[in-house]
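Okay, structure first, notes after.
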Amino acid sequence: QVQFVESGGGLVRSGGSLRLSCAASGFSQDGYAIGWFRQAPGKEREAVSCISSDGSTVYAESVKGRFTISRDSAKTTVYLEMNNMKPEDTSVYYCAANLMRSRCIAALSTTVHEYAYWGQGTRVTVSS
């Protein structure tokens with residue numbers, strides 16, 4: 001059974017940092033892009049970042065320069081390092097696998113429907 005589990009969320013002050021983890025079980029990441037998304041109350045799910053099977057990365061403009069996506073050498077966990085956080089980063093963060101692509105594309109927001117194996121999410125709150 002495939003399972004993606006997000007963790008690492010919490011409450012942080014504006015300008016602070018958090019590191020989210022996405023642990024995948026029952027799934028080999030080889031050949032698939034893995035993405036991080038977020039969804040705030042009353043808003044649509046938003047693509048945040050993506051890491052390709054070859055390690056290349058893509059970021060949403062809103063987080064570029066502040067967030068970093070990475071993966072462990074065993075390719076079982078994907079991380080999202082979030083720095084200089086802002087109140088508008090407050091959201092529930094999810095990870096998922098793109099079953100249609102091994103390589104992320106710049107137009108991340110157009111590929112949300114391609115992702116599967118969504119986890120339960122981890123809540124991030126940034127206070128001003």
Side-chain angles (χ1 to χ4, degrees):
Q1 181 180 357
V2 176
Q3 190 173 19
F4 279 54
V5 179
E6 304 90 345
S7 62
L11 174 63
V12 64
R13 289 186 176 181
S14 182
S17 300
L18 281 176
R19 188 194 198 201
L20 305 184
S21 298
C22 169
S25 59
F27 181 82
S28 172
Q29 294 186 26
D30 282 332
Y32 300 98
I34 305 296
W36 278 100
F37 302 81
R38 64 188 182 186
Q39 188 167 18
K43 295 189 176 181
E44 291 188 357
R45 189 160 294 187
E46 174 190 14
V48 175
S49 183
C50 174
I51 185 166
S52 303
S53 181
D54 66 1
S56 61
T57 58
V58 173
Y59 297 92
E61 284 298 320
S62 59
V63 306
K64 200 172 288 185
R66 300 188 298 120
F67 290 13
T68 302
I69 191 171
S70 62
R71 181 170 52 210
D72 68 341
S73 58
K75 292 189 176 181
T76 59
T77 304
V78 173
Y79 304 98
L80 187 68
E81 183 78 30
M82 305 186 294
N83 299 312
N84 189 23
M85 297 185 71
K86 304 175 181 180
E88 51 263 42
D89 295 322
T90 295
S91 197
V92 178
Y93 284 71
Y94 303 87
C95 62
N98 190 319
L99 301 187
M100 299 177 63
R101 299 177 193 271
S102 62
R103 193 169 178 84
C104 309
I105 63 172
L108 261 180
S109 61
T110 66
T111 63
V112 177
H113 67 281
E114 298 175 353
Y115 285 79
Y117 304 132
W118 297 92
Q120 293 299 306
T122 185
R123 186 175 299 275
V124 171
T125 303
V126 185
S127 63
S128 57

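Atom set for the values below is all heavy atoms of this structure, side chains included, hydrogens, waters and symmetry mates excluded. Along the sequence shown, residues are numbered consecutively beginning with 1.
Note: F67 and Y59 fail the aromatic proximity criterion, with ring centroids not under 6.0 Å apart.
Between V78 and Q29 the shortest side-chain heavy-atom distance falls below 4.5 Å. In this structure, the side chains of S56 and R103 come closer than 4.5 Å at one or more pairs of heavy atoms. With contacts defined as side-chain heavy-atom distances shorter than 4.5 Å, the pair V58/I105 does not qualify. Residues V2 and Y117 are in side-chain contact: their nearest non-hydrogen atoms beyond the backbone lie under 4.5 Å apart. No side-chain heavy atom of R71 sits under 4.5 Å from any side-chain heavy atom of T76. With a 4.5 Å cut-off on side-chain heavy atoms, D30 and K75 count as touching. The shortest distance between side-chain heavy atoms of I34 and F27 falls below 4.5 Å. Side-chain contact between V92 and V124: absent, with no pair of heavy atoms (C-beta onward) separated by less than 4.5 Å.
Hydrophobic clustering (ILVMFWY, side-chain heavy atoms < 4.5 Å, transitive): L99 and I51 are in one cluster. Cluster annotation: V63 and V12 are assigned to the same hydrophobic cluster (Ile/Leu/Val/Met/Phe/Trp/Tyr, side-chain heavy-atom contacts under 4.5 Å, transitive). In terms of hydrophobic clustering, with Ile, Leu, Val, Met, Phe, Trp and Tyr side chains grouped at heavy-atom distances under 4.5 Å, V126 and W36 are assigned to a common cluster. Taken together through direct or relayed side-chain contacts under 4.5 Å among Ile, Leu, Val, Met, Phe, Trp and Tyr, M85 and V48 form part of one hydrophobic cluster.
Between S49 and L80, the shortest heavy-atom contact is CB-CD1, 4.2 Å.
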For this session: Check step by step if side chain to side chain contact (heavy atoms under 4.5 Å, CB included) holds for R38 and S62.
Result: CA-CA 12 Å; R38 64 188 182 186; S62 59; 3.5 Å; yes
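A cation-pi geometry, defined here as NZ or CZ lying under 6.0 Å from the six-membered ring centre and within 45° of its normal, holds between R19 and Y79.
In this structure, R101 contributes its side chain and E114 its backbone to no donor-acceptor pair below 3.5 Å.
The ring-ring contact (aromatic ring centres under 6.0 Å, His included) test with F37 singles out one residue from Y93, F4, Y115, and that residue is Y115.
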